[in-house]
Protein chains: 2
Amino acid sequence: MLMTKEILRQKKLKVTPQRLSIFYMLKNTTSHPSVETIYSLLRETHPTMSLATVYKTLSVLVDANLVQQINVGENSFRYDATVSPHPHIICSKCNEVHDLHLDFVDEFFYKVQEETNFKLSYQKLYFYGICPTCQH
Amino acid sequence: MLMTKEILRQKKLKVTPQRLSIFYMLKNTTSHPSVETIYSLLRETHPTMSLATVYKTLSVLVDANLVQQINVGENSFRYDATVSPHPHIICSKCNEVHDLHLDFVDEFFYKVQEETNFKLSYQKLYFYGICPTCQH
DNA sequence: ATCATTGCAAAAGGTTTGCACCAAA
DNA sequence: TTTGGTGCAAACCTTTTGCAATGAT
């Protein structure tokens with residue numbers, strides 16, 4: 001919990017219980033939750049927290065580059081406290097979203113930059129299929 | 001125009017002026033328009049077409065695999081009549097979305113499949129940066 | 001003639017905003 | 001004490017839905 005507080009201070013963000021709890025929860029899940037999911041889970045421990053606060057807090061965390069927003073093809077966003085540019089893989093059956101850490105991603109990034117003459121800043125890579133568990 | 005009609009017939013979709021015009025326009029643009037853009041452009045030539053029809057038609061075309069839906073991080077979808085799984089590159093300044101045709105994409109796809117044991121069906125790859133024109 | 005598609009309006013998400021109150025610094 | 005965050009409700013925007021009228025086969 002201390003760590004979380006310090007990171008917020010470092011970014012010159014006011015430290016509030018709401019911000020702490022949202023950021024802390026995102027750092028401790030691999031499920032890439034949506035706003036609705038974050039809200040319902042935190043309601044259990046923070047009954048007064050409003051949906052608007054969740055939205056506002058996430059926006060602040062994204063702007064501070066502490067959290068990234070992803071869109072996997074649903075009509076809502078999901079959030080990920082791992083901000084390094086890593087690909088995501090989505091199971092079309094159970095709809096779970098997993099992080100991928102692949103060593104050849106950077107190489108790919110630079111190849112694209114070279115071929116296009118864009119000045120690239122980041123990438124979002126999504127892979128869709130059936131996960132090993134759901135294949136049975 | 002004949003081509004468009006035939007493709008719809010082939011997919012056993014009823015051929016209507018609305019479907020023809022939406023599909024035809026998507027096949028003849030590289031701008032990856034949103035529903036709103038498609039609707040306003042087509043209103044000029046088809047004043048009675050409704051927004052709901054644009055949504056329903058796009059849904060039909062996506063299901064028939066004649067059009068793909070992409071989400072580039074906006075809170076709305078864009079549409080692309082090139083259905084082969086190619087990456088997109090987005091300029092963060094002018095917000096234009098371009099197709100990328102890279103020979104090493106397939107290789108990348110199979111590498112991910114091998115490493116993850118997923119049975120992959122498709123991928124969505126987005127690159128973000130500043131385009132050559134906007135760099136000046 | 002049949003049955004799917006269209007257009008309209010209403011409803012349903014998801015997200016944003018304005019403002020009074022409250023809490024962090 | 002000041003500044004900015006929170007919570008509530010209303011508004012907004014994109015997308016979906018129900019249904020009667022219309023059009024494609």
Side-chain angles (χ1 to χ4, degrees), chain A residues 1-2 4-24 32-43 45-64 66-79 95, chain B residues 1-2 4-24 32-43 45-64 66-79 95:
Chain A
M1 201 68 161
L2 269 174
T4 311
K5 208 178 282 190
E6 277 157 24
I7 294 169
L8 292 179
R9 280 218 188 90
Q10 236 172 12
K11 294 277 183 176
K12 293 174 182 158
L13 300 175
K14 247 182 208 178
V15 177
T16 67
Q18 293 85 344
R19 288 180 175 178
L20 282 174
S21 65
I22 292 171
F23 189 30
Y24 185 77
H32 307 80
S34 64
V35 170
E36 202 47 49
T37 307
I38 297 170
Y39 177 61
S40 355
L41 285 175
L42 289 181
R43 275 244 129 179
T45 47
H46 299 72
T48 65
M49 178 158 14
S50 76
L51 192 53
T53 298
V54 179
Y55 276 104
K56 286 170 186 168
T57 301
L58 286 169
S59 162
V60 164
L61 294 175
V62 168
D63 289 349
L66 294 174
V67 162
Q68 72 169 306
Q69 197 184 44
I70 65 178
N71 186 303
V72 140
E74 301 156 322
N75 46 14
S76 60
F77 291 100
R78 288 170 174 258
Y79 294 86
N95 292 312
Chain B
M1 200 70 161
L2 268 174
T4 309
K5 206 178 282 189
E6 277 157 22
I7 295 170
L8 292 178
R9 282 217 186 90
Q10 235 172 12
K11 293 278 184 176
K12 292 175 182 156
L13 300 175
K14 247 181 207 178
V15 177
T16 67
Q18 291 86 343
R19 288 181 176 177
L20 281 174
S21 65
I22 292 171
F23 189 30
Y24 184 79
H32 306 81
S34 64
V35 170
E36 201 47 49
T37 308
I38 296 169
Y39 177 60
S40 354
L41 285 176
L42 289 181
R43 275 244 129 179
T45 45
H46 299 72
T48 67
M49 176 155 21
S50 77
L51 193 55
T53 298
V54 179
Y55 276 104
K56 287 169 185 168
T57 300
L58 286 169
S59 163
V60 164
L61 294 175
V62 168
D63 289 350
L66 295 175
V67 162
Q68 71 169 307
Q69 198 184 44
I70 66 177
N71 186 303
V72 141
E74 301 157 321
N75 48 10
S76 60
F77 291 100
R78 287 170 175 257
Y79 294 86
N95 293 311

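In what follows, every heavy atom counts, from backbone to side chain, and hydrogens, waters and symmetry copies are set aside.
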Item to check | Contact interval (first through last nucleotide) of DNA chain D with protein chain B, 4.0 Å heavy-atom | outcome: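 Taking any atom under 4.0 Å from a heavy atom of chain B, the span is D/dT14 to D/dT25.
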Next on the checklist: How long is the straight-line distance from OH of B/Tyr79 back to CD of B/Gln68, given to the nearest 0.5 Å?
Outcome noted: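 The distance works out to 11.5 Å.
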Item to check | Rounded distance [0.5 Å steps], CG in A/Leu20 versus CD1 in A/Ile7 | outcome: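 Going from CG on A/Leu20 over to CD1 on A/Ile7, the span is 10.5 Å.
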Item to check | Closest non-hydrogen atom pair, A/Ala64 against A/Lys11 | outcome: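 In terms of heavy atoms, the two residues are closest at O-NZ, 3.0 Å.
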Item to check | Contact summary for A/Arg19 and A/Lys14, nearest pair of heavy atoms | outcome: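 In terms of heavy atoms, the two residues are closest at NH1-O, 3.0 Å.
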Base, sugar-phosphate or nothing for [X]? Non-hydrogen atoms, less than 4.0 Å.
X       : result
B/Thr48 : sugar-phosphate
B/Val60 : nothing
A/Thr53 : base
B/Pro47 : nothing

Checklist entry - Only one of A/Leu61, A/Leu58, A/Val60 clears side chain to side chain contact (heavy atoms under 4.5 Å, CB included) with A/Leu66; which? => result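 By the side chain to side chain contact (heavy atoms under 4.5 Å, CB included) criterion, A/Leu66 pairs with just one of A/Leu61, A/Leu58, A/Val60: A/Leu61.
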Check every atom of [options] against the side chain of [X] and return the nucleotide holding the closest atom.
X       : options               : answer
B/Gln18 : C/dA24, C/dG7, C/dT17 : C/dG7
B/Arg19 : C/dA25, C/dT6, C/dG7  : C/dT6
A/Ala52 : C/dT6, C/dT17, C/dA23 : C/dT17

Spacing of [X] atom [atom1] relative to [N] atom [atom2], expressed in whole Å:
X       : N      : atom1 : atom2 : answer
A/Ile38 : C/dG14 : CD1   : C1'   : 14 Å
A/Lys14 : C/dC22 : NZ    : P     : 16 Å
A/Leu51 : C/dT15 : CG    : P     : 9 Å
A/Arg78 : C/dG14 : CZ    : C1'   : 14 Å
A/Leu20 : C/dA23 : CG    : P     : 16 Å
A/Tyr55 : C/dG14 : OH    : P     : 7 Å
B/Arg9  : C/dT5  : CZ    : C1'   : 16 Å
B/Leu8  : C/dA4  : CG    : P     : 17 Å

Item to check | Side-chain heavy-atom pair A/Glu74, A/Ser34 within 4.5 angstrom cut-off | outcome: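 Heavy-atom side-chain distance check fails, nothing below 4.5 Å.
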Item to check | Check: A/Phe23 and A/Val67 side chains under 4.5 Å, non-hydrogen atoms | outcome: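 Side-chain contact under 4.5 Å: yes.
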Item to check | Position toward the 5' end of DNA chain D (nearest nucleotide), B/Leu13 or A/Asn75 | outcome: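 Closer to the 5' end of DNA chain D: A/Asn75.
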Checklist entry - Between B/Val15 and B/Phe77, who's closer to the 5' end of DNA chain D by nearest nucleotide? => result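 Nearest-nucleotide comparison on DNA chain D picks B/Phe77.
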